[in-house]
Each structure stands twice: as C-alpha cells, then as structure tokens.
Protein chains: 2
Amino acid sequence: MKEHIEVTIYDIADKLNLATSTISRALKDHHSISKKTIEKVKKTAKEMGYRPNNLAASLRSKKTKTIGVLLPTITQPFLSSLISGIEIAAQKAGYNVVIMQSHDSYEQEVILTQSLYNNRVSGIICSLAMETQNTSHFQLFMDNNTPLVFVDRVPKAFNTFRVVIDNYMAGYKATQHLISQGCTRIAHLTAGSEFSIYYERKKGYIDALKEANLPIEEELIIKLKAITYEEAENATNKLLDLKRPPDGMFAPGDILGVSAIQCAKKRGVKVPEELAVIGFNNDPISHIIDPNLSTITHPAEKMGQASAEIILKNLKSSKRDEVKEITFLNTEVLVRESSKRN
Amino acid sequence: MKEHIEVTIYDIADKLNLATSTISRALKDHHSISKKTIEKVKKTAKEMGYRPNNLAASLRSKKTKTIGVLLPTITQPFLSSLISGIEIAAQKAGYNVVIMQSHDSYEQEVILTQSLYNNRVSGIICSLAMETQNTSHFQLFMDNNTPLVFVDRVPKAFNTFRVVIDNYMAGYKATQHLISQGCTRIAHLTAGSEFSIYYERKKGYIDALKEANLPIEEELIIKLKAITYEEAENATNKLLDLKRPPDGMFAPGDILGVSAIQCAKKRGVKVPEELAVIGFNNDPISHIIDPNLSTITHPAEKMGQASAEIILKNLKSSKRDEVKEITFLNTEVLVRESSKRN
DNA sequence: TTGTAGGCGTTATCAA
DNA sequence: TTGATAACGCCTACAA
C-alpha cells in the first residue's frame, strides 16, 4: 500500500520557491499571475499528486458549492426526474447536490432544514412535505441571504423563488377536456390541505364545471388520505356504487388514474365509454395501463433544471435578487385512450 | 433584515468564561466534562443561536460525514429506490448523501470519481456505467483507505465491497420457471459487455436450458443496444417473425418484458398462452401491464441500505476490514399472469 | 507580478 | 475536569 501524505499548496510553494498565495492564484488562473508561472505551478501540482481541499477553501471563502435538495421522497418518478434535472444543472456548474428525504413528515423537514443550514449549503431547493403548514423553519435561509427555491409543492405566502406549474389551470384544462368528450358527471379525487397543489387542481376542476354549467356534486368529490392505489380503488368503488355513478374522472395523479381504470375494468365498467379518466404527471405507468391513461404533462426535469439555475444565477451576482419571482412552466393535456370518446 | 453574525464556540467561551476546548467537548457530550458544564454550555449555545460549522470540523478532523453516490442515472425505479435506501441509512447515522449521475458514460464516471475524491467523501457507493470496462479510477479510494462499495453493476476483479444479487441464479430461476410452465422455445434479450449483470443472467438462462435438455438456439437470443422499449419491440418483432417463434421469453428487465407483452398483444399473440414472459426488477410498470408481468424481485432499497451500512461500519472501526466481502441479497420469482400456464 | 501574514471555526494534544 | 495553543489547508488584504 502506498503511503498517503496529502500534498498541499504549501508543498508546491516549497518546491517552486514561490509563496502559497501565488500557488493558490495560479491554480485558479488568476489574471495577476504570469502565464509561465501558472503553467509551471499546474504542472508541478499534477506531478506531486496535489488535490485541492474543497473543505478548506469552503471554510475560508464561506462558499460550499453545494446545493441542498429536500424532498418528500425520491422514489416517485416525478421527483426523481426533478432531482435528475437539478443534478445535471449543478454538475455543469461544478456544484454538488446533497439530497434529503422528509418522507412527508413536517418534523423531519424541520430537522433536515437545520442540517442543511449547518452544512452551509450555497442554496436550497425544496418541495414541501404533505404535512407542512408552517414554513418558518426556512426563515433561517432568508435571514442568511441563502438562495431558497421551492418547487412544485410550494408555500402560499412566503417571499421566495418558486418554480411551479399552474395547477389551477391544469386542473381546469383536464376537466374541460373531459367535458369536451361529453362527460357530464365528472368525479374528482383530492388530497392534502387547502395549501396543497391538490387544492389548486380542485379549484380548476370546479371552475371548469361551473363554466360549462355543470353542477358541482359533493358526492363526486372524494378526499383521499394518501396518494395510493388502495385509496384510489376504495374511492372509485364508492363512486361506481352511487345511484348515479360518474361518467368521467379527473384524478390529480397517475397512480390514482391508473387505479381507477383498474378498478373500473374489474367491475366491467368500460373505459372510456362509461368512465373517461384523465390523470396527472405523465408517469411511466400512464402509458402502460390499458387503455393508456390520458394525463397532464409535468415537466419534472425542466423544473429541476430551472430551480438549480435560479440558485446558480443568484449565487453569481453578488447582490441577490430582491424580487423573488415565480417561474411557471408549461403543462399540456396529453390525450390518450382512456378519455377519447369522439 | 436581521444582522447575521455567526456565533462560534469562541463567543460561547467568552460569555461563559470557559475555554473553547471545553465548549467543543461539552457540545459533544464528552465524558470528561461535568454534567453541569455541559448543560450550561448547551443552554447558552441555544440562546445565542449557535450553529456548528461542519466545514471547520471536517477540515480539522478530516472526517466529512458524507457518502458519495455515483450511479448511471437516478430516474430508473430500481436506482431511485437504491438511493432512497442509502439516504435512509445515512440520515439515521447523521451522514449526508451527495449524488452524481454518470449517464452511463465512462468519461463522466472518471471525472465524477475525481470530484468525489476532492470532496473528501467519507465513503463512496457506486454502480458502474454501462460503458465502463476499466475501474482503475477507483484505485484512489483504495489507496486512501476510503470505504468503497460497488452495488448491482459491480466490477469483476477488484478487491472491494460488493452488494449484489446473484444474477446467474436469478436468470437460472427465471428460465426454469418458464420451463416449468411448459415452454420449450424460450427467447432471451441481453445487453452490455461480458462483464455486465446481463451476461450473468444469460449464463443462468443457458444453464437452465441445458439442464432441461433444451437446445440453445442462437436465433432466440438477441442482443440489444440499450434497455429501451423500442429496442425490445424491435427484438420481439424479429422473434415473432421467425419460422418457429418462441413460446416463452426471459427479459432481463421489466421495461423489456412489458414492451414484449405490448408487442405480442399488438400482433394478436396471446400472453401467456402463446408467449409466456418473465421480466426482471419488479418495477411499478410490471403490475400495471395487462396481463401482469411475472418478474424477479430486486431488493433495491435493501441493497442501498446494506451498502450504506457497510460504509458506516467500516468508518466506525478504526481499522478497516481487510476482507472485502460480497453481500448477496435475495431475489425471488414473482409469478404473475404473464407466465402462468397451468 | 509576487510575497507576507492573519484568519476561517473547529478539534487535538499537552499541560494544569 | 478544564485550559492554552497549535494545527487543518486555503484565501485575501495589503505590502513589496
């Protein structure tokens, strides 16, 4: 086994009879250093097996080149794509990505927020836990002038950057699409608090119905405890058991939409003829289910990339943006078999 | 906006008329500090809004409490579950997880390996890029005595920890299952080099056929350029166009199995009656496709957890394990509709 | 263009 | 049980 003594800029300075400051500058292509010196330093550094110590540099400069990412979970296709987008943008800029999962627990989120803070991340990207109502645990970053971007599940009233889709409009368009296919009794599954994205989607659903002069029927709106196949199956069964069952369903997540289709098929209810279904997210499962699930596209990777870029941009300009704008990304109705009626 | 001056152990020491070393120890519940002092210090620290600077601690102690994770991508269900397992184990131990994607590029992998090295990660977990043949870029960590765990896609000859499933046995069992269902012409899709997991699965497939005295037919084995729906569809079409088409297929990935089923259905070939299919991974899509895809379970989260725990364990004991054992996790044949014939 | 020197916030060693 | 002091490796005014 090789002996392993760390080579530092000190050692290089010694060898070349230069000052450490010169070495430090040369390695960073500082303009005040002559080309000859830069070359010499770099060559020697390589020969000696020097590797920069980011830790020391970070401590000194108070810049960590690390983006903290705090999400409910990373196994959902939408979220793993989001991370992928973040990672790609970060990698390009030489930044690291630290990932933490809140598992939708408010308590965990608070703890992990602290942890990211203690790690002096340069910026933080967060999608809120389902449980979270209060976001004061993020105030730390605000006070500290650390770029903070919320993505997808964002707080209502908090002056930070936000990268989102227009959930209201998406819900509206999804419902409108079902109406355009001739549905008149459209069911809807929902979840979470009045601060959640699901609430927005529901508002869009309701307004689309209103605009089409369709009644809002409470019995057609079911609130789920969680976004799971089981919950959606139970809800769908309940809906199909109604005296006047629905002829359409807007499921604000593909898991829910797929589950609804499976449930309908099991009961011999034909999709889309008797029940037209549209989901949300464009998860892989949506084009595996038979009939293929119509859905709303959700530009996960782009949202990740946009979030990371906002952070990087704010880190670059010495003075942070005072206006924390909201970035809206586009969604589209993806019409597939599960809702095509005419 | 609040002024933000960082509170350090210095400030606490000043306030309490104690030495910084005492503060440092007290905050860590060092046994040599009296209970009274510990309490006093902690209380004051809280009051003053102290937050530890992990950077400084890392620099001094040469321990970063960070696990580096280097994967081909994070959007595959198997890999995002793997990360989830790592993250959960790491979080429990107070470690951070830094994630990087090689996008199956050897060149990227080398660069990112360097980057993790420069960041002084405490340990590294890696699943190799599809392209990677040579793993000498990991030698750094070996020389440095940094725990290194390969997971799933592991190198053949490299004395490191490895967390894997028995791909040979899994391939063997999958094929055997099809044989038990009466299949006699079993097709197989494969990919990658002779060092890849797919090669092992293929060997299992071949040995199962041999053991059952079934011929190995070259025309039934198709090598794909990539693990995609398109590649699998093309291959399936080719297979079904044969004079004597197969009556079974072992697809070493659920994407491939699902694609095969879709292709067969499109052509009016009945699954499982005319073509029994078994996949690999137990991805979400496998139980959405109709008929449900039989598959091989792949304990992704457990593999992640096991990998992280190996690192943590080796970090704890001052002397590293010299024997880098291989950890085999169990897989099971999950029989679903796509292969059930009797 | 290069050098000097102090400090970033912590931990480790030795001494008291 | 506590304290004094020197690192850890780098960056950055300021000086030359």
Side-chain angles (χ1 to χ4, degrees), chain A residues 4-42 44-45 48-66 94 115 117-122 144 318, chain B residues 4-42 44-45 48-66 94 117-122 144 315 318:
Chain A
H4 244 277
I5 311 141
E6 291 286 343
V7 178
T8 71
I9 54 172
Y10 253 103
D11 302 322
I12 304 178
D14 264 10
K15 185 149 192 173
L16 295 177
N17 267 321
L18 287 168
T20 58
S21 48
T22 306
I23 308 299
S24 173
R25 287 172 189 134
L27 289 170
K28 303 205 136 36
D29 290 307
H30 196 284
H31 62 272
S32 76
I33 305 291
S34 73
K35 269 209 175 154
K36 226 165 68 187
T37 308
I38 290 186
E39 260 175 46
K40 199 169 56 177
V41 168
K42 285 193 175 172
T44 312
M48 299 177 73
Y50 168 77
R51 59 167 180 164
N53 187 326
N54 294 344
L55 248 39
S58 292
L59 175 60
R60 179 61 235 244
S61 66
K62 292 176 185 275
K63 281 174 195 156
T64 54
K65 291 215 154 204
T66 296
S115 172
Y117 188 65
N118 291 349
N119 280 293
R120 267 65 173 179
V121 290
S122 301
N144 205 30
S318 54
Chain B
H4 245 276
I5 311 141
E6 291 285 346
V7 178
T8 72
I9 54 172
Y10 246 118
D11 303 321
I12 304 177
D14 264 11
K15 185 148 189 177
L16 295 177
N17 268 317
L18 287 169
T20 58
S21 45
T22 306
I23 309 297
S24 173
R25 288 171 189 136
L27 289 171
K28 302 205 135 39
D29 292 308
H30 196 283
H31 62 273
S32 77
I33 305 291
S34 73
K35 268 207 176 156
K36 230 166 69 188
T37 309
I38 290 184
E39 262 174 45
K40 200 169 54 181
V41 169
K42 285 193 176 173
T44 313
M48 298 178 73
Y50 167 77
R51 61 167 181 161
N53 187 324
N54 295 344
L55 247 40
S58 292
L59 174 60
R60 181 61 237 241
S61 67
K62 295 178 181 273
K63 282 175 194 155
T64 54
K65 292 212 154 208
T66 295
Y117 187 66
N118 290 350
N119 279 293
R120 269 60 175 182
V121 291
S122 301
N144 204 30
L315 250 23
S318 53

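These values consider heavy atoms only, across backbone and side chains, with no hydrogens, waters or symmetry-generated copies.
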For [X] and [Y], indicate whether the former's side chain and the latter's backbone hold a donor-acceptor pair under 3.5 Å.
X        : Y        : result
A:Arg120 : A:Asn118 : yes
A:Asn53  : A:Leu55  : yes
B:Ser58  : B:Asn54  : yes

Over all strands shown, is [X] touching base, sugar-phosphate only, or nothing at heavy-atom distances under 4.0 angstrom?
X       : value
B:Ser34 : sugar-phosphate
B:Thr8  : sugar-phosphate
A:Leu55 : nothing
B:Lys35 : nothing
A:His31 : sugar-phosphate
B:Asn17 : sugar-phosphate

Nearest to the side chain of [X], which nucleotide is it out of [options]?
X       : options               : value
B:Ala57 : C:dT10, D:dG9, C:dT2  : C:dT10
A:Arg25 : C:dG3, D:dC10, C:dT10 : C:dG3
B:Ala19 : D:dA4, D:dT1, D:dC10  : D:dA4
B:Thr37 : D:dT12, D:dT2, C:dT1  : D:dT2
B:Ile9  : D:dC8, D:dT12, C:dT11 : C:dT11
B:Ser21 : C:dG9, C:dG3, D:dG3   : D:dG3
A:Thr20 : C:dT11, C:dC14, C:dA5 : C:dA5
B:Arg60 : D:dT12, D:dT2, D:dA7  : D:dA7

So, does [X] get its side chain near the phosphate of [N], meaning an N or O under 4.0 Å from OP1 or OP2?
X       : N      : value
A:Thr22 : C:dG3  : yes
A:Ser24 : D:dC11 : yes
A:Lys62 : C:dG9  : yes
A:Tyr10 : D:dC11 : no

Separation of [N] [atom2] from [X] [atom1] (nearest whole Å):
X        : N      : atom1 : atom2 : result
B:Arg120 : D:dG9  : CZ    : C1'   : 9 Å
B:His30  : D:dT1  : NE2   : P     : 11 Å
B:Glu6   : C:dG7  : CD    : C1'   : 15 Å
A:Ile23  : D:dC11 : CD1   : C1'   : 14 Å

- Regarding B:Ser34 and B:Thr37, is there a side-chain donor-to-acceptor distance under 3.5 Å anywhere?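 A pair is found: one side chain offers a donor N or O, the other an acceptor, under 3.5 Å apart.
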- Decide whether B:Thr64 and B:Ser122 meet the rule of one side-chain donor and one side-chain acceptor closer than 3.5 Å.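 The answer is yes; a qualifying pair exists.
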- Task: Could you grab the distance from atom OG1 of B:Thr22 to atom CD1 of B:Ile12, nearest 0.5 Å is fine?
- Result: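 Here the interatomic distance stands at 12.0 Å.
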